[in-house]
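Every number for a ligand or one of its atoms is a count from 1 in the order of the listing.
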Amino acid sequence: MDYTPEDEVLIGGQFEKLLESCGNIARSDDDWNLIRKAFFLAKEAHKGVRRRSGEPYITHPLAVAQIVVDEIGLGVKSVVSSLLHDAVEDTSYTVEEIEAMFGPKIASMVDGLTKMAGVFTTETSEQAENFRKMLLTLSDDVRVILIKIADRLHNMRTLGSMPPHKQIKITSETIYLFAPLAYRLGLYSIKTELEDLSLKYRFPEQYEEIKQKLHLTEVARSQFIGSFNGPIEQRLRESGIDFEISGRVKSIYSIWSKMQRKQIPFEEVYDLFAIRIIFKPSPLIPEKSQCWHIYSLITDIYKPKPDRIRDWVNIPKANGYEALHATVMGPQGVWVEVQIRSERMEEIAEKGFAAHWKYKQATISQDEDEFDKWLKKVREALNSPTESAVDFLDNFRTTLYTTEIVVFTPKGESRKMPMGATALDFAYDIHTNVGNKAIGAKINHKIESIFTPIMSGDQIEILTSDNSTPKTEWLNHATTAKARQSIRNYLKKHKQHNVENGKEIFEAKLKEFGITPSARVFRKVLSAYESKTKDEFYSKLGAGIISLEGLDKVLRENAASKMLKFWTIQLANPLKIFGAGDKRRGQERPQTINAEEPDFTIAQCCSPIPGDNVIGYKNPETGKVDVHKTSCDELTRLAAQHGDRITSVKWSSHKAMSYLSVIEIRGIDRIGILMELAQVITGELDINIREMHVQSHDGIFEGTIAVYVKNIDDLNLVIGKVARIKGVEVVKRHISK
Ligand code: MN
């Protein structure tokens with residue numbers, strides 16, 4: 001099937017636009033010829049193929065090429081490779097032929113992109129392994145990844161025409177990997193757009209609500225910004241500075257994550273915007289000094305918050321970002337963030353990697369900068385054969401989203417660590433052997449636990465002992481990829497021994513009780529001891545991390561509360577599971593549907609209750625569908641790695657059962673408050689409390705209450721009632737991390 005006249009008009013227009021954008025990068029006739037040749041080849045290759053939206057397929061490579069030149073700022077070779085990125089697969093052209101036509105560099109980029117082509121379409125193979133393959137191309141040519149990000153961006157922009165379960169898979173991958181990657185490569189606006197689009201398709205109502213509210217508050221906000229900026233503009237102009245000032249509203253996604261994280265409504269998000277000042281540097285004074293000069297002019301007008309200065313001018317972020325951020329007290333007692341950057345810093349912030357290299361080449365700096373260091377770390381990680389693909393991906397991801405702090409060794413040498421790092425991470429950063437033998441740390445000359453989080457400016461000395469070895473527990477306190485990987489490597493080496501040891505201990509204990517090990521026993525034990533697999537349980541036991549004290553209780557207790565863990569949920573798409581409404585053993589699925597045994601497990605990471613938006617994950621280990629909240633981080637991780645196991649579920653309305661849910665409380669302590677809490681919940685509301693953990697210190701009490709509720713309305717009722725108790729300041733649903 002040939003292109004219709006309408007197609008030709010559409011395609012021709014898009015190509016014209018691309019050529020226009022290439023005006024800045026195409027230097028010679030050769031360049032123009034390459035671009036034209038690639039376009040015609042791709043157009044021919046995709047003839048007769050349409051996208052889900054109905055548009056001819058060639059519009060996709062054209063759009064990707066457009067993003068690559070306009071939004072990422074790459075050159076001719078990248079534009080050509082973008083045009084060809086899906087072509088080799090669909091034609092009989094070989095990489096050799098591409099090389100003959102376009103030269104070796106483009107051929108190898110197209111090859112890299114082609115190898116990745118299958119990565120996101122496979123339904124069956126391990127997604128994590130595919131990601132790893134994709135990331136391997138990072139070590140050859142970063143441009144390949146940048147084009148892949150452009151490819152993803154265009155697919156996200158056109159996601160509306162995909163069916164819902166595909167949308168969940170694609171948005172999860174985007175949130176889990178592509179947005180962090182874009183951030184890490186310094187592509188701020190692309191990262192923001194990827195996040196916003198993910199939110200838009202994943203939680204359309206919440207997205208629209210925030211968008212609406214931003215719109216409604218716009219007038220008041222711009223008035224405020226105007227009155228805030230006025231005095232600054234005047235002062236900077238008087239000082240002869242050439243600058244632009246603007247108020248930037250935060251992205252919908254970042255507002256949404258703040259609301260989630262802090263569990264607050266939109267109205268309580270105060271830092272909805274930041275002020276950005278971009279100046280044209282005067283050639284005689286270093287940019288750095290000019291940033292501080294502007295800072296000092298602004299703080300003559302508005303008082304700064306002393307602990308909120310972010311100096312990424314002296315110490316750029318690892319992704320190359322440079323700027324000076326300050327928070328100052330504006331009119332009406334509102335804190336306002338001000339970002340100060342030069343034009344060069346602005347370009348790096350917007351276009352990231354590509355701009356970064358442009359300036360780097362201009363200064364012919366031979367120094368290894370932060371970016372090179374990171375790439376080197378990624379290459380090292382990729383070459384590490386000991387890790388499974390899933391571990392690798394999780395580890396890799398931790399290297400993406402980090403803000404750094406600067407700490408010092410006893411000799412005063414500075415080291416960058418990610419925010420939230422602990423002394424243990426620092427120990428491993430010094431050397432694997434220092435980490436493996438660490439027993440404590442002297443932080444600013446005071447002895448502290450090795451698990452202590454470290455802060456910017458800390459001076460840290462690691463205390464070691466030859467008798468110390470890494471424990472599994474350490475994984476809960478290690479945050480850097482390097483530390484986690486080293487600990488895992490060590491434990492893996494010693495694991496087999498522990499597994500055998502643990503198995504022996506466990507079997508002996510069961511014998512004592514006269515119980516034979518069964519699937520039922522393991523289900524109880526694994527959940528009680530927070531182990532995902534038998535091996536994990538055995539090895540924790542063998543390593544002495546857990547003890548079997550209270551095992552009898554675990555076996556009994558769980559039997560009684562078993563029903564509370566499993567919930568009857570009706571699938572949104574019954575055909576898929578039951579097969580034409582047939583509730584007998586489904587022939588189309590390996591999963592057995594048994595009326596006695598519930599088919600769903602409530603995920604403990606997010607503990608959804610009826611009324612929450614939920615999504616199912618077909619757990620291959622249990623053969624059941626795990627039910628997660630749609631907002632669950634763990635679900636996002638799973639969906640990104642095994643998108644094909646995601647399935648829609650919805651709560652059935654006919655079962656009246658109780659679900660465990662935890663609320664957090666905090667308030668002013670007074671005599672009798674606990675009694676009153678219990679009275680309100682169990683007495684007035686007739687809701688069962690499973691556990692109450694409340695601590696009191698300095699006149700403040702805080703803690704958690706685990707209650708059994710029927711649904712979200714019940715829970716909200718509890719929260720509402722408890723909030724009205726005198727002395728209670730904060731009460732909210734607990735979200736486990
Ligand atoms: Mn594509």
Side-chain angles (χ1 to χ4, degrees), residues 3 7 10-11 14-15 17-18 21 35 38-72 74 77-91 93 95 98 102 106-123 125 127 130-131 133-138 140-163 166-167 169-174 177-179 181-182 185 187 190 193-194 197-198 201 640 643:
Y3 292 107
D7 290 344
L10 180 77
I11 297 165
Q14 223 184 323
F15 185 52
K17 195 171 155 230
L18 177 66
S21 292
I35 296 169
F39 167 67
F40 287 119
L41 190 149
K43 190 180 165 197
E44 189 60 27
H46 298 304
K47 195 163 73 184
V49 186
R50 282 179 191 274
R51 306 198 82 211
R52 228 170 235 275
S53 59
E55 291 179 324
Y57 195 86
I58 181 68
T59 58
H60 168 64
L62 274 168
V64 174
Q66 191 81 41
I67 293 170
V68 156
V69 55
D70 286 350
E71 296 174 55
I72 308 185
L74 295 176
K77 288 193 182 70
S78 303
V79 168
V80 170
S81 306
S82 306
L83 287 169
L84 298 173
H85 84 270
D86 284 331
V88 171
E89 257 204 327
D90 299 347
T91 56
Y93 285 109
V95 177
I98 297 281
F102 297 96
I106 289 172
S108 91
M109 283 166 74
V110 172
D111 191 33
L113 287 161
T114 306
K115 275 189 194 134
M116 286 194 282
V119 166
F120 299 103
T121 51
T122 18
E123 294 277 3
S125 63
Q127 204 66 8
N130 290 331
F131 280 134
K133 252 188 256 163
M134 181 186 97
L135 293 169
L136 274 168
T137 62
L138 252 179
D140 302 336
D141 191 332
V142 184
R143 285 177 294 183
V144 175
I145 283 284
L146 293 170
I147 296 169
K148 201 67 206 171
I149 291 175
D151 184 31
R152 173 57 54 128
L153 179 59
H154 184 242
N155 286 333
M156 285 297 292
R157 283 176 180 168
T158 52
L159 194 60
S161 37
M162 282 288 181
K166 282 264 163 108
Q167 288 181 352
K169 174 181 184 295
I170 293 171
T171 52
S172 292
E173 289 166 3
T174 301
L177 193 71
F178 285 93
L181 250 173
L185 296 166
L187 302 167
I190 290 183
E193 190 179 345
L194 287 174
L197 286 167
S198 299
Y201 289 107

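No side-chain donor-acceptor contact under 3.5 Å links Arg51 and Ser161. Remark: the Thr174 side chain and the Arg152 side chain contain an N/O donor-acceptor pair separated by less than 3.5 Å.
Among the heteroatoms counted here (N, O or S) of Asp151, OD1 is the one nearest to the Mn ion (ligand 1).
The Mn ion (ligand 1) lies at 2.8 Å or more from every N, O or S atom belonging to His154.
Across all non-hydrogen atoms, the minimal contact from Ala63 to Gln14 is N-NE2, 3.5 Å.
Judged by distance alone, the side chain of Tyr201 and the main-chain N or O of Gly160 form a donor-acceptor pair under 3.5 Å.
Rounded to the nearest 10 degrees, the angle NE2 (His85) to the Mn ion (ligand 1) to OD2 (Asp86) equals 70°.
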